[in-house]
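Residue numbers run from 1 in the order of the sequence given.
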Amino acid sequence: MSDQDKNQDPPAEANADEATDNVIPEEAVSENEDAAQATEISSGGAEDMTEEEENADLEEEIADLKDKLLRTLADMENLRRRSQKDREDALKYSSANFARDMLSVADNLRRAIESIHEEADPDGSALVGFIEGIALTEKELLSTLERHGIEKIDPMGEKFDPQFHEAMFEIPTVDAESGTVLQVVEVGYVIHDRLLRPAKVGIAKAGSAPTESGD
């Protein structure tokens with residue numbers, strides 16, 4: 001070995017020692033990498049949980065708002081229908097009080113006609129105009145009532161109907177079925193499909209006819 005080679009060997013060994021001192025142990029590198037990965041996983045998991053919770057809260061809030069909206073729409077629709085029905089009824093039955101007051105006028109006209117007897121005027125000439133005038137007045141009155149949707153109930157000879165008739169008494173008879181209206185004491189009236197006043201009637205009672213006193 002030459003003197004030159006001997007002089008170069010020491011520097012090579014010194015360089016090797018310096019390289020050895022600068023090397024980081026593999027165990028330390030592995031521990032650092034594991035710690036970094038654990039930190040990233042922990043941070044990512046927390047972010048995922050927070051996002052899921054926020055999404056769940058938003059979905060719950062949206063569902064609650066949808067439910068409130070549907071309930072509000074349903075309430076508004078029901079209110080609209082009730083208001084429309086109230087308006088229709090108000091227009092349809094607005095003249096009910098007027099009609100009820102006019103019934104007594106119609107009754108008085110009828111009574112006036114029935115109170116005139118032929119015996120009071122043998123030839124009838126004095127009463128003809130009076131009777132005709134009252135009859136025309138009654139006819140005009142009933143026509144006016146009908147224009148307001150008011151119609152007379154005169155159930156003579158009809159089957160008794162408790163929805164429109166009021167039975168005042170029974171009439172024993174063998175000429176009619178039980179429940180047949182044989183006498184109308186007071187006519188009734190309806191306005192459209194609503195009863196203003198029931199007709200007061202006497203109805204048949206099947207059985208033997210009443211006997212006259214003294215027989």
Ser178 backbone acceptor or donor facing Lys159 side chain under 3.5 Å: yes
In terms of hydrophobic clusters joined by side-chain contacts under 4.5 Å, are Met102 and Leu142 together? yes
I'd like to know if Lys85 and Asp89 make a salt bridge, using a cut-off of under 4.0 Å between side-chain N and carboxylate O. yes
Quick one: are Gln84 and Arg87 in side-chain contact, heavy atoms under 4.5 Å? yes
Which heavy-atom pair separates Ile191 from Lys92 by the least distance, and what is that distance? CD1-O, 4.2 Å
Between Met156 and Val201, is any pair of side-chain heavy atoms under 4.5 Å apart? no
Side-chain contact, heavy-atom cut-off 4.5 Å: Ile153 with Leu195? yes
Going from CD1 on Ile150 to CG on Leu141, what distance comes out if it is rounded to the nearest 0.5 angstrom? 9.0 Å
Atom NZ in Lys200, atom CD in Gln183: separation rounded to 0.5 Å? 13.5 Å
Arg147 vs Thr144 side-chain heavy atoms within contact, under 4.5 Å: yes
Answer yes or no: is there an ion pair linking Arg82 with Asp86, defined by an N-O contact shorter than 4.0 Å? no
How long is the span from the CG atom in Asp107 to the CD atom in Glu138, to the nearest 0.5 Å? 9.5 Å
Between the side chain of Asn78 and the main-chain N/O of Ala74, is any donor-acceptor distance below 3.5 Å? yes
Same cluster (ILVMFWY, side-chain, under 4.5 Å), Val187 and Leu182: no
Contact summary for Leu196 and Ala96, nearest pair of heavy atoms: CD2-O, 4.1 Å
Minimal heavy-atom distance between Phe160 and His165, with the atoms involved, is CE1-CB, 3.4 Å
If you count every heavy atom of other residues, nucleotides or ligands that lies below 6.0 Å from Glu88 atom CD, does the total exceed 12? yes
Under a 3.5 Å distance rule, please check whether Thr72 uses its side chain to pair with a backbone N or O of Lys68 as donor and acceptor. yes
Using a 6.0 Å cut-off, check whether atom CD of Glu140 has over 12 heavy atoms from anything other than its own residue. no
In this structure, CE of Met76 is separated from CG of Leu79 (nearest 0.5 Å) by 8.0 Å
Atom pair CD (Glu54) and CD (Glu52), whose distance is rounded to the nearest 0.5 Å: 11.0 Å
Does the plane of the ring in Tyr93 sit parallel, tilted or perpendicular to the ring in His192? Use 30° and 60° as the thresholds. perpendicular
Between CD1 of Ile203 and CD of Glu166, what distance do you get to the nearest 0.5 Å? 11.5 Å
Step by step, work out the side chain to side chain donor-acceptor pair (under 3.5 Å) result for Ser83 and Arg80. CA-CA 5 Å; Ser83 299; Arg80 185 191 67 80; over 6 Å; no
Below 4.5 Å, heavy atoms only, C-beta onward: do Asp161 and Pro155 meet side chain to side chain? no
Does the side chain of Leu103 come within less than 4.5 Å of Glu186's, by heavy atoms? no
